[in-house]
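Quick notes on the structure that follows.
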2 protein chains.
Amino acid sequence: MLTKTEERYLKAIYKINELWPSLVSTNALAHKVRTSAASVTDMIKKLAAKELVFYEPYKGVRLSAQGVAIATQLVRKHRLWETFLVQKLDFEWSEVHEIAQHLEHIPSEKLVQQLDRFLDYPKFDPHGDPIPNAEGKFTLREQLLLSRLEVGQSGTLVRVKSQQNDFLRHLDKLQISMGCTIHILERENYDQSMLIQIDNHHTVMLSKQISIMLFVRPA
Amino acid sequence: MLTKTEERYLKAIYKINELWPSLVSTNALAHKVRTSAASVTDMIKKLAAKELVFYEPYKGVRLSAQGVAIATQLVRKHRLWETFLVQKLDFEWSEVHEIAQHLEHIPSEKLVQQLDRFLDYPKFDPHGDPIPNAEGKFTLREQLLLSRLEVGQSGTLVRVKSQQNDFLRHLDKLQISMGCTIHILERENYDQSMLIQIDNHHTVMLSKQISIMLFVRPA
DNA sequence: AAATTTATTTAGATTCATCTAAATATTTTT
DNA sequence: AAAAATATTTAGATGAATCTAAATAAATTT
Ligand SMILES: [Mn+2]
Ligand SMILES: [Mn+2]
Ligand SMILES: [Mn+2]
Ligand SMILES: [Mn+2]
């Protein structure tokens, strides 16, 4: 049995790897789990001893097949719980990440299995992230960054890149929600901000900072 | 914020007190949380320092008002989660206690609140235990031990006294379930076992060991 | 290629929850 | 009331996860 902390590290390595597919550095991991590099070195050794990661001193760390499997199950649990909180308990998408961080560590195969069934095997969580199935498999939808769309094009919001409370609440304020249609009206070359129209309705100005956090399926 | 361990101790004191309303001894508590008396003494001091318990060395410990409030909320969460697992996720009543032991420590006022609402404010959990409301209030139903019923009397099963997996599965095997009607057919004076009829249907022999674990509402 | 900067590891300390063994207090028995 | 048994506390140690500071390795700059 793994401790909650060991699980946290495994998932952190997995998530860093998602964005940057190579050896994960001690510092990157330390930043991700909000601890010191020294603590990371300790934990990495522990995980390596359990053969959940491959570790080369000074070079970095990567998950073993078993490590990937565990991390994937954690991601699965996390996203299922988020889906549950939004769909069944009427939580906002900005509130669920933090609670799911706790729930994902509840042990019980059957619990995940039944939760998945109860939710009718959802494929994506409230932030558009894919939910791995019991075997750890999931599919990615066609998606590209909103910032890549040209003037005149439009797309459907299918995924957000951050789970940060304040970011999601900001989207709420702009009335940007999952599945909405975004049409590019104008583009400022200087700072790459864009004027967009949402659901053929209201128009808002989006900074580059935000447009690079939104994934759309082009229309 | 309390650690999971501190919460466990508070709830343990609460539960011991439910059965035996007086100062809780170090040993009783040690037995309940499955640890050594020495560890209990340490933890008690910690809780006393936080004013969650009153502690007199060599005499025992009892919860402060704040301690009671916290313990009650834990019991509330535990029983709500058990109810959720049985009613929504199709778990057996024999499976839920262990999982709820974990879920009860998930922090979030809103989570409990919404869960309660989702379940439509249940008053009792799958084992017939009362669920405290958000203010910590709950009502006890009229109930007495099955072992107190006389031959000829009958009652409805409203509560079981143990959550042990093997005990509950044994009841399953005997087809004794919450809400069933139990009619006393015979009573053996020697070992206080009883022959009972369930739901006017099948008859089984019940040992004293079991009949003192079942609460019924007399018909 | 040497010097400097940055990243990583090691060493040593701290806190939490636990343990065993020893000391002490309380309760029960004789 | 003394002795014996039991319960509780204290003392000292351990493992997990963390920290800071120092040592060392690797990468970058000059
Ligand atoms: Mn999340
Ligand atoms: Mn998510
Ligand atoms: Mn229970
Ligand atoms: Mn219960």
Side-chain angles (χ1 to χ4, degrees), chain A residues 1-14 16-17 19-20 22-63 67 70-71 74 101-102 104-107, chain B residues 1-17 19-20 22-63 67 70-71 74 101-102 104-105 107:
Chain A
M1 243 301 139
L2 299 180
T3 67
K4 192 172 163 172
T5 310
E6 290 169 330
E7 289 190 342
R8 273 205 312 137
Y9 276 82
L10 289 178
K11 194 179 144 202
I13 297 169
Y14 180 91
I16 294 169
N17 241 304
L19 304 177
W20 213 281
S22 66
L23 285 189
V24 171
S25 75
T26 301
N27 258 3
L29 195 42
H31 180 258
K32 188 79 177 180
V33 301
R34 295 167 195 292
T35 190
S36 68
S39 302
V40 168
T41 303
D42 280 351
M43 181 54 79
I44 281 175
K45 287 177 183 166
K46 226 177 118 189
L47 294 173
K50 295 190 178 187
E51 302 196 342
L52 300 171
V53 301
F54 300 113
Y55 169 50
E56 278 197 79
Y58 292 103
K59 301 213 66 181
V61 78
R62 78 187 166 83
L63 295 175
I70 293 171
L74 287 167
Q101 291 287 28
H102 296 284
E104 75 188 16
H105 298 290
I106 303 287
Chain B
M1 245 299 141
L2 299 181
T3 67
K4 191 171 164 173
T5 311
E6 289 168 331
E7 288 190 342
R8 274 204 314 136
Y9 276 81
L10 289 178
K11 194 178 144 202
I13 298 168
Y14 180 91
K15 301 223 87 176
I16 294 169
N17 240 305
L19 304 176
W20 213 279
S22 66
L23 285 188
V24 171
S25 75
T26 301
N27 258 4
L29 195 42
H31 181 259
K32 188 79 176 180
V33 301
R34 296 168 195 291
T35 190
S36 68
S39 302
V40 168
T41 303
D42 281 350
M43 180 54 79
I44 281 175
K45 287 178 182 166
K46 225 176 119 189
L47 294 173
K50 294 190 177 186
E51 304 197 344
L52 299 171
V53 301
F54 300 113
Y55 169 50
E56 277 196 81
Y58 292 102
K59 302 213 67 181
V61 77
R62 79 187 163 83
L63 295 174
I70 292 170
L74 286 167
Q101 292 287 27
H102 296 283
E104 75 190 15
H105 298 290

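These figures come from a predicted structure and were not determined experimentally. Letters A, B, ... are given to chains in the order of the sequence lines, protein chains preceding strands, and every chain is numbered from 1. Excluded from the calculations below are hydrogen atoms, water molecules and symmetry mates; all remaining heavy atoms, backbone and side chain alike, are included.
Counting only residues at least two apart or on different chains, the salt bridge (Lys or Arg N to Asp or Glu O under 4.0 Å) pairs with a member in residues 49-61 of chain A are A:E6-A:K50.
A:L52 places a side-chain heavy atom less than 4.5 Å from the side chain of A:L2. A heavy-atom distance below 4.5 Å is found between the side chains of B:Y55 and B:T41. Between A:V40 and A:Y9 there is a side-chain heavy-atom pair separated by less than 4.5 Å.
Across the protein-nucleic acid pair, A:M1 atom CE and D:dG15 atom C1' stand 19 Å apart, rounded to whole Å. Rounded to a whole Å, the CG atom of B:L23 is 15 Å from the C1' atom of C:dT26. A:K4 has its NZ atom 16 Å from the C1' atom of D:dT18, to the nearest Å. Between the P atom of D:dA25 and the OH atom of A:Y58 lies a distance of 6 Å, rounded to the nearest Å. Going from atom CG of B:D42 over to atom P of C:dT15 covers 15 Å, rounded to whole Å. Taking atom CD on A:E56 and atom P on C:dT8, their separation rounds to 13 Å, with Å as the unit. Across the protein-nucleic acid pair, A:L2 atom CG and D:dA16 atom C1' stand 14 Å apart, rounded to whole Å. Taking atom CD1 of B:I44 as the reference point, atom P of D:dT10 lies 11 Å away to the nearest angstrom.
Residue A:T26 places at least one side-chain N or O under 4.0 Å from the OP1 or OP2 atom of C:dT9. For A:Y9, no side-chain nitrogen or oxygen approaches OP1 or OP2 of D:dA16 to under 4.0 Å. Checking the phosphate oxygens (OP1, OP2) of C:dT18, a side-chain nitrogen or oxygen of B:R8 falls inside 4.0 Å.
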Which atom pairs, one a donor and one an acceptor, fall under 3.5 Å between side chains of residues 22-37 of chain A and the rest of the protein, sequence neighbours left out?
{"unit_1": "A:S25", "atom_1": "OG", "unit_2": "A:A28", "atom_2": "N", "d": "3.1"}
{"unit_1": "A:S36", "atom_1": "OG", "unit_2": "A:S39", "atom_2": "N", "d": "3.2"}
{"unit_1": "A:S36", "atom_1": "OG", "unit_2": "A:S39", "atom_2": "OG", "d": "2.9"}

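Residues forming a side-chain contact (heavy atoms from CB on, under 4.5 Å) with B:Q101 (at least two apart in sequence, or on another chain): B:K11, B:H78, B:H97, B:E104. Partners of B:E7 by side-chain hydrogen bond (donor to acceptor under 3.5 Å, both in side chains), not counting sequence neighbours, listed by chain and number: B:H105. Scanning for side-chain contact (heavy atoms from CB on, under 4.5 Å) contacts around B:F54 gives B:R62, B:S64, with sequence neighbours left out.
If you check every strand for non-hydrogen atoms under 4.0 Å, A:K45 touches sugar and phosphate atoms only.
Comparing D:dT8, C:dT18, C:dT10 against the side chain of B:T41 picks out D:dT8 as the nearest. Proximity note for A:N27 (side chain, C-beta onward) versus C:dA7, D:dA16, C:dT9: the nearest is C:dA7.
Near DNA chain D, meaning a heavy atom under 4.0 Å from it, residues 31-39 of chain B has B:A37, B:A38 in order of number.
When all heavy atoms of A:I70 and A:L10 are compared, the pair lying nearest together is CG2-CD1, 3.8 Å.
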Which atom pairs link the protein and nucleotides 3-6 of chain D when you take only N or O atoms and keep those under 3.5 Å?
none

